[in-house]
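Labels below follow one simple rule: chain letters A, B, ... track the order of the sequence lines, proteins then strands, and each chain is numbered from 1. All values below come from the heavy atoms of this structure, side chains included, with hydrogens, waters and symmetry mates left out. Every value quoted in this text rests on a predicted model; they were computed, and no experiment measured them.
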Amino acid sequence: MAYEKVNELNLKDTELRLGLPGTEQAKEEQEVSCVRSSKRQLQSDNEEESTPPTKTQIVGWPPVRSYRKNNNSVSYVKVSMDGAPYLRKIDLKTYKNYPELLKALENMFKFTIGEYSEREGYKGSGVLPTYEDKDGDWMLVGDVPWDMFSSSCKRLRIMKGSDALVLDSAL
Amino acid sequence: MAEEEDLSEMANDVERHLKLDPPKPSPPPPCPSHVLENVLENVLKFLTSRRDRNAVSLVSRSWHHVEAQTRFEVFIGNCYSLSPARLTRRFTRVRSLFLKGKPRFADFNLMPPDWGAQFAPWVAATARAYPWLEKVSLKRMFVSDDDLALLAVSFPGFKELVLLCCEGFGTSGVAVVANKCRQLKVLDLIESEVTDDEVDWISCFPEGETHLESLSFDCVESPINFKALEGLVVRSPCLKKLRTNRFVSLEELHTLMVRAPQLTSLGTGSFSSSTHDGAQGEQEPDYASAFRACRSLVCLSGFRELTAEYLPAISPVCANLTSLNFSYANISPDVFKPIIRNCHNIRALDSICDEGLQAVAETCKELRELRIFPFDPSEDSEGPVSGLGLQAISEGCKKLESILYFCQRMTNVAVTAMSENCPQLTVFRLCIMGRHRPDHVTGKPMDDGFGAIVKNCKKLTRLAVSGLLTDQAFSLIGEYGKLIRTLSVAFAGDSDMGLRYILEGCPKLEKLEIRDSPFGDVGLRSGMHRYNDMRFVWMSSCRLSRGACRDIAHTLPSVVVEAFGSDDDDDDDDEDDNADYVETLYMYRSLDGPRKDAPKFVTIL
């Protein structure tokens, strides 16, 4: 159990126990599994003896073959850039945040993007990254938290040229 | 009479080893039996079912002999149950071989790599014994490129190669088969791992017209030469089944469909466009028209990178479809539902869309097989309430025979409803992904639900259980599951009694796979009378000791008992209880004793 600090009192300090002071309380078993052997059945990369396995680390559970897991965790979206002759595709799951995504887009289409600010959008470069969300609306990339974005983004469009400038100044 | 004595001796022999053991060799019988054998041969040629044939082979020595001579298709459910030499000794005219290797739990990383199930000794033996071999189907076997090369050169009349869930080979091996097997009709690579050797194997098919009827490569994770594929399709007039991989775009698919409107089964590849949207209008192909032209299309799969806006193109064929596989498609309910509402004749459906099940229940009255895979295959995700979906299916799809259903949580009421609405179920596999999860409405174990399944579904042959289950559930399975042949158990039960109930109660049980359940030596020993009659037993992360496993091995010489564990097993022999603990037990009956190719980490007791 984690002892909270309540009103600045560390409850753990004031707890009455029979053990000698300084002995650590045994960590709680998170594993519900009724298998008890001192042998661990985990993947070999979990070296720490002190951390019990969390639920998601059980090998082979749920019993879905790995190629199915991979496929479902891939989320390719089309990326179009105004003026480019063909579209590209990127897997949103390979990026963890906006800077990574924007950098990848910059590399892919050879442009540089302005700095993002909540108030003014992407100022200065005449390039606007936009996306179509689940409802079919076109939104500016960057306003919502990354996870919300990556699960609702259906496709990306990088606006540039006159369209972008108009929006730029309007923002 | 001498023959009577031989008969009873042989009957004992065969009774012990049931389906596999030949009698001791003897000199050929006198003339009248020759006549009998000729007649028999002509009659037995009509028998195709292997169970019938096994029964026939028990009648007498001469029947056994004739049956062996007329068995052209051999099925071996466990490649280690006999040696290749025994196969070639008994059956002399084999044209088709189906071999299964690793047990199913190997699919979920529960078995260390390089465990075995090599195709090599089999291809070597059959190459010598059956030069006329036409068909090989392998499941969960390790097949190397060399094996494929040997196969390709050894059998001039080779027609069909099906590799299911196999590994060990790459596109170079496939290329050799494509090139050398000039009579090839079927090349199906299904759910196998195929390494990318950067070989253009499609171009390796010979020039001129081919005999190809089925080509499946949707599991091949490497690009293909599309021009060569198009050319191949054009010169394969018999082609009925084509399953492309995700490197085939929608435009390319369209080209293929136009070239092969006679297709009955199509794997659609990525189902995603590769061109710029601006070039729409005059340049975009008419996909719906291409689908409409495929009047014989009854089976659709693929959709690996589905672009939902193009999905309505399949509408013209929906009414004819008997089989639809959306399980690789990131498909949302609002896209799925309008499509499925046209699929009145669907008999087999694979999907991840459990929210669309109401629509399935309302439309798919001919449904026989349903598999719903999880969209998010982890324990803790919040999925939609799946009990409703299951209930809807059971009420709407009364002809359902087989179901595999993944969900986060379930209720006994929904499972019971399914048992009452679909009493003709033969396969019921429910995977509640949350381990030990009880009925999410009542908080009780899932015993009642699964109990209802075994009670009401009297034809049930395959069962997979999950969720919070007590020994009571197993008591019911043992009491009512009299036809069950395959049973899968994970994270269930309270004690050895659970295992006892199954082993003492289910007389037809052939395949038992158990993981992470509190079954120990007492439970294991209680099945001593059964293991000779079962194909295999798998128990991992249970409570077994080496002593008990050794006892089984000593008591039952026809059963091979393998023990192995996680990779760090070998070094850590210090603690006594660890050395005694058996992480994984895999045992199976075998006529030829322990295998010689076991890797170091496997101990054969």
Side-chain angles (χ1 to χ4, degrees), chain A residues 30-47 49 53-93 132 134-136 151-152 154-157, chain B residues 104-105 107-110 165 191 193 219 221 246 272-279 304-305 307-308 327-330 332 352 373-380 406 431 433-436 464 466 488 490-491 493-494 515-518 540-543 565-569 572 575 577-578 581 583:
Chain A
Q30 287 180 21
E31 266 229 3
V32 184
S33 169
C34 34
V35 179
R36 285 296 86 208
S37 82
S38 36
K39 261 300 175 23
R40 299 166 77 65
Q41 69 213 45
L42 294 180
Q43 300 111 315
S44 48
D45 53 7
N46 187 351
E47 305 287 21
E49 278 296 329
T54 54
K55 277 189 168 186
T56 47
Q57 281 177 19
I58 290 292
V59 176
W61 189 261
V64 176
R65 296 194 65 206
S66 52
Y67 64 83
R68 282 197 189 275
K69 286 188 179 178
N70 291 338
N71 281 336
N72 281 337
S73 70
V74 149
S75 59
Y76 282 104
V77 294
K78 285 197 228 179
V79 187
S80 63
M81 167 118 162
D82 293 350
Y86 52 85
L87 279 71
R88 302 298 302 270
K89 266 235 178 121
I90 55 167
D91 177 2
L92 282 184
K93 289 260 158 77
E132 186 184 5
K134 279 198 172 121
D135 301 321
S151 57
S152 61
K154 278 177 28 185
R155 58 190 299 168
L156 283 157
R157 177 185 165 202
Chain B
R104 200 177 70 93
F105 274 9
D107 289 352
F108 315 123
N109 300 323
L110 291 181
C165 309
E191 294 182 17
E193 242 182 78
C219 60
E221 286 292 311
R246 64 180 179 87
S272 152
S273 171
S274 63
T275 57
H276 190 272
D277 276 12
R304 298 271 174 152
E305 288 163 22
T307 319
S327 65
Y328 295 104
N330 241 333
S332 63
I352 58 167
F373 293 95
F375 176 77
D376 181 5
S378 75
E379 287 191 73
D380 303 311
F406 282 83
C431 182
M433 290 191 284
R435 287 171 294 142
H436 309 288
S466 58
S488 299
F491 303 98
D494 302 319
R515 64 167 294 181
D516 293 273
S517 299
S540 59
S541 304
C542 296
R543 292 184 179 165
S566 44
D567 293 324
D568 50 10
D569 240 8
D572 200 340
E575 300 167 54
D577 29 297
N578 276 345
Y581 175 70
E583 172 67 43

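Figure legend: Arg65(A) and Phe108(B) shown without cation-pi pairing, the cationic atom not lying both under 6.0 angstrom from the six-membered ring centre and within 45 degrees of its axis.
By the 4.5 Å heavy-atom criterion applied to side chains, Phe105(B) and Pro63(A) are not counted as neighbours. Side-chain contact between Pro374(B) and Pro62(A): absent, with no pair of heavy atoms (C-beta onward) separated by less than 4.5 Å.
Of the atoms belonging to Cys219(B), not a single heavy atom falls under 4.5 Å from chain A. Thr307(B) touches chain A through its side chain: at least one heavy atom from C-beta onward sits under 4.5 Å away, while N, CA, C and O do not.
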Test log, rule side chain to side chain contact (heavy atoms under 4.5 Å, CB included), inputs Trp61(A) and Asp516(B): CA-CA 11 Å; Trp61(A) 189 261; Asp516(B) 293 273; over 6 Å; no
Step-by-step side chain to side chain contact (heavy atoms under 4.5 Å, CB included) determination, Glu191(B) to Arg68(A): CA-CA 10 Å; Glu191(B) 294 182 17; Arg68(A) 282 197 189 275; 4.0 Å; yes
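Interface remark: of the candidates Ala490(B), Cys165(B), Ala308(B), Cys165(B) forms the most heavy-atom pairs closer than 4.5 Å to chain A.
In terms of modelled atom types and a separation under 3.5 Å, the side chain of Arg515(B) and the main chain of Gly60(A) share a donor-acceptor contact.
Remark: the Ser272(B) side chain and the Lys89(A) side chain contain an N/O donor-acceptor pair separated by less than 3.5 Å.
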